[in-house]
Amino acid sequence: MASAATALVVVGLALIFGVMRVENFAHGELYMVGAYAVWWIGTSLGAGYWVGFVGAILVTAIIGALMELLLFRRLKDNPMGALIVTVGVLLILQTAVVWLFGINSNPLVDAPIKGVLRLGEVNIPWHRLVVIAATLVILFALAAILRTTKFGWATRAVAQDKDAASLQGISIGRISMSAMALSAGLPVPPAH
């Protein structure tokens with residue numbers, strides 16, 4: 001299950017770097033924000049896991065889009081400045097979570113699917129299998145989107161050559177913001 005979550009994080013990082021050429025050191029903190037959003041919306045507010053899950057995707061995607069619009073777009077010609085900004089965002093997100101939830105908080109999210117699959121001596125919780133299956137579906141869907149849709153073609157064009165993509169009428173800012181929102185929304189953690 002950890003490998004499935006890590007795969008989504010890595011794909012998100014690759015998408016950001018491919019399109020924007022930014023090493024996003026705050027990407028792990030977006031994962032953390034997603035975890036707290038699932039817990040706060042789903043468990044603390046009592047909305048349920050799936051509502052918390054969707055809410056966390058929206059929260060992290062919005063944060064990602066705002067990061068691109070307010071920070072990275074202004075530093076598109078300054079890769080070192082963008083790198084430093086990601087470290088600043090990392091610290092801001094960590095501080096915000098500590099301020100909002102405390103330093104010793106250990107929120108637990110209930111598994112959305114109960115029970116275990118018994119294979120002889122091995123017991124595998126069903127929610128872990130669902131996470132692995134969902135990760136595979138997300139990765140294949142993302143690959144299909146990037147290969148077959150107009151957005152995917154534009155994203156790949158921007159990743160290959162921004163100047164040529166711009167000359168073809170592709171909005172670099174729109175693609176960058178969409179890629180950042182998509183990559184930030186990918187690593188929403190599962191229940192444990």
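Numbers here simply count residues along the sequence, with the first being 1.
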Point to revise | Criterion side chain to side chain contact (heavy atoms under 4.5 Å, CB included) on Leu139 and Leu8, from CA distance to verdict | key: CA-CA 8 Å; Leu139 292 176; Leu8 292 176; 3.9 Å; yes
Any idea which heavy atoms bring [X] and [Y] closest together, and the distance?
X: Ala179; Y: Val19; answer: CB-CG2, 4.0 Å
X: His27; Y: Ser183; answer: CE1-O, 3.2 Å
X: Ala65; Y: Met180; answer: N-CG, 4.4 Å
X: Ala56; Y: Ile41; answer: N-CD1, 4.4 Å
X: Phe151; Y: Leu182; answer: CE2-CD2, 4.4 Å
X: Gly185; Y: Ile57; answer: O-CG1, 3.9 Å

Enter the distance from [X]:[atom1] to [Y]:[atom2] here, rounded to the nearest 0.5 Å.
X: Leu83; Y: Asn78; atom1: CG; atom2: CG; answer: 10.0 Å
X: Trp153; Y: Gln168; atom1: CH2; atom2: CD; answer: 13.5 Å
X: Thr6; Y: Tyr31; atom1: OG1; atom2: OH; answer: 7.0 Å
X: Met67; Y: Ile62; atom1: CE; atom2: CD1; answer: 14.0 Å
X: Leu91; Y: Thr86; atom1: CG; atom2: OG1; answer: 9.5 Å

Check your understanding: Does NZ or CZ of Arg74 lie under 6.0 Å from the centre of the six-membered ring of Phe72, at an angle within 45° of the ring axis?
Key ->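 Pair Arg74/Phe72 does not count as cation-pi.
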Is [X] reaching over with its side chain to a backbone N or O of [Y], donor-acceptor style, under 3.5 angstrom?
X: Arg156; Y: Leu146; value: yes
X: Thr43; Y: Trp40; value: no
X: Arg21; Y: Ala159; value: yes

Exercise for review: If the plane angle is over 60° it's perpendicular, under 30° parallel, otherwise tilted; pick one for Tyr36 and Phe101.
Suggested key: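 Rings of Tyr36 and Phe101: parallel, under 30°.
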Practice item. Treating Ile, Leu, Val, Met, Phe, Trp and Tyr as nodes and any side-chain heavy-atom pair under 4.5 angstrom as an edge, say whether Phe25 and Met20 lie in one connected cluster. Key: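 No, separate clusters.
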Check your understanding: For the hydrophobic clusters of this structure (ILVMFWY residues joined by side-chain heavy atoms under 4.5 Å, transitively), does one cluster hold both Val59 and Leu71?
Key ->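 Val59 clusters together with Leu71.
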Review point. Checking side chain to side chain contact (heavy atoms under 4.5 Å, CB included) for the pair Leu30/Asn24: CA distance, chi angles, key distance, verdict?
Key: CA-CA 10 Å; Leu30 291 171; Asn24 185 8; 4.3 Å; yes
[atom1] ([X]) with more than 12 external heavy atoms under 6.0 Å:
X: Lys162; atom1: NZ; result: yes
X: Lys114; atom1: NZ; result: yes
X: Ile103; atom1: CD1; result: no

Exercise for review: Check whether any side-chain heavy atom of Ile138 sits under 4.5 Å from a side-chain heavy atom of Val11, and report yes or no.
Suggested key: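 No, every pair of side-chain atoms sits at 4.5 Å or beyond.
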**Study point:** pair Val98-Gln94: side-chain heavy atoms closer than 4.5 Å
**Key:**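 Of all side-chain heavy-atom pairs linking Gln94 with Val98, none is under 4.5 Å.
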Practice item. Let me see the working for Leu93 and Val97 under side chain to side chain contact (heavy atoms under 4.5 Å, CB included), right down to the final yes or no. Key: CA-CA 6 Å; Leu93 291 175; Val97 166; 5.7 Å; no
